[in-house]
Asker: 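One structure follows; several queries about it will come next.
In this text, all values refer to a predicted model and were calculated from it rather than measured experimentally.
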Amino acid sequence: MPQNNKLVIIPDSGMDLLRDELAEAFAYLGFEAIRAHPAALSDENHPHYLPRLLDKKPALFFSINMQGILPGGAMAQLLAGAGMPVLVWFVDNPWHILSGMRDPSWKNFHLAVTDSSFTAPLLAAGARQVLHMPLAAGQAHLRAEPGPDFAGLRELVFVGRSSFPGMSDFFAGQQLPEESLAQSSAMLRKGFAAAPERPDFDWWVNELGLKAQEAEFWPGKKSRRPGWGAVKCNTGWRKACLEAASASPGGLTLFGDSTWRQELGAELTGPDLRGPLDYYTQLPRLYACAEFSINLNSLLLPAGLTQRIFDIWAAGGFCLTDWSQGLHIFPQELVTPVCFKSPWELTELARFFRSNPGRRRALQLAWREHIITWHTYPTRLTQVLKEMK
């Protein structure tokens, strides 16, 4: 990566914790992050008008999920003409993000994915470079201390939205075969020990006969159909796990949006349902004082992980996580003891560690040390900037 300047442009529409953490990580590495609102980049009267920013010869244009990159290719040409390296980090399923683009300019950017299973298909589709950049621990969680504002927590805690914003519109009109839905539901009831037994995005791609991602998924919106299957399975999986957690002797406290009451209220037996948290100030303190925090990975990302697994351990909490191919980035001696493959295994793990506090504490310390050493955002950025070519 050219080091002609220490300025980094990060398109930022505001109120985004991930961009806060990245700006802090860039600052730690000696960069200055210009967090430009996407609309400002094309506003001639704004200080963050892109040609004006390019006059400062920044070192990097860093976009999350293509934010700030206008369709049509004109912006890409402007950036290329200025010799500006562009790194697009796909935090979510890249095919879903690219389904909203028609021009091929994305192929010339440096791409990074949180889920390594998309690397080969993106390269086969013509991407110049695809790097693996998983999520990592934010600094707020590394500084966490137990908070006094979480009285009465039950043994198991889960934090998360019931769905992502705009989900219904994004998947509008998608239809799935009834036999495939029945088969995937049976797989979820059984639990999964390996990828073929897990009805994730890749499983749905194969189930629907869309085996060549790079040929089928761009341009166009074909990726949304297997994505809808993965979303429906994701909902079923989370409901099954949270129902089991709620029915366990220690019970469940769930923090999230009000839709959880409609999604789960009739099925969960007496959960402690609470409202959303401030992820920057309250969430680290919650993880630090919760007895066990649950991580449920997304079936939209076959080899991806959520932010939770990094933040829970970084905050000094204890994480029980469902299985995902993405767990390969951690030592297996740390993963195996805390990983469940069925809802009933989740409650069994909680029972085991409740009865073995010494083992629990040893894992807590080992996980936190590993996260701090290898899985922070400064470490992630250092590696990906080194690999850009």
Asker: Got a sec, which residues hit salt bridge (charged side-chain N to carboxylate O under 4.0 Å, His left out) with Glu387, two or more places apart in sequence or on another chain?
Answerer: none
Asker: What ring pair (Phe, Tyr, Trp, His ring centres under 6.0 Å) pairs are there with at least one residue in residues 59-91, not counting sequence neighbours?
Answerer: Phe26-Phe62
Asker: Applying side-chain hydrogen bond (donor to acceptor under 3.5 Å, both in side chains), name anything that partners Ser117, two or more places apart in sequence or on another chain.
Answerer: Asp115
Asker: Mind checking salt bridge (charged side-chain N to carboxylate O under 4.0 Å, His left out) for Arg351 and listing every partner two or more places apart, or none if nothing turns up?
Answerer: Glu348
Asker: Go through the structure and list residues passing side-chain hydrogen bond (donor to acceptor under 3.5 Å, both in side chains) with Arg128, not counting sequence neighbours.
Answerer: none
Asker: Tell me the ring pair (Phe, Tyr, Trp, His ring centres under 6.0 Å) pairs involving residues 337-368, sequence neighbours left out?
Answerer: Trp313-Trp367, Phe318-Phe353, Phe330-Trp367
Asker: For residues 67-87, which residue pairs qualify under side-chain hydrogen bond (donor to acceptor under 3.5 Å, both in side chains), counting only residues two or more places apart or in two chains?
Answerer: Ser13-Gln67, Arg19-Gln67
Asker: Output every pair passing salt bridge (charged side-chain N to carboxylate O under 4.0 Å, His left out) with a member in residues 24-33, not counting sequence neighbours, ordered by first then second residue.
Answerer: Glu24-Arg143
Asker: Just jot down the salt bridge (charged side-chain N to carboxylate O under 4.0 Å, His left out) partners of Arg360, sequence neighbours excluded, or say none.
Answerer: Glu291
Asker: Provide the full list of salt bridge (charged side-chain N to carboxylate O under 4.0 Å, His left out) pairs with a residue in residues 65-76, sequence neighbours left out, each pair given once.
Answerer: none
Asker: Please collect all side-chain hydrogen bond (donor to acceptor under 3.5 Å, both in side chains) contacts where either partner lies in residues 40-51, sequence neighbours excluded, each pair once.
Answerer: none
Asker: Taking only Lys NZ, Arg NE, NH1 and NH2, and the carboxylate oxygens of Asp or Glu, determine whether Asp272 and Arg274 approach each other closer than 4.0 Å.
Answerer: yes
Asker: Can you pull out every salt bridge (charged side-chain N to carboxylate O under 4.0 Å, His left out) where at least one residue sits in residues 167-188? Sequence neighbours excluded, please.
Answerer: none
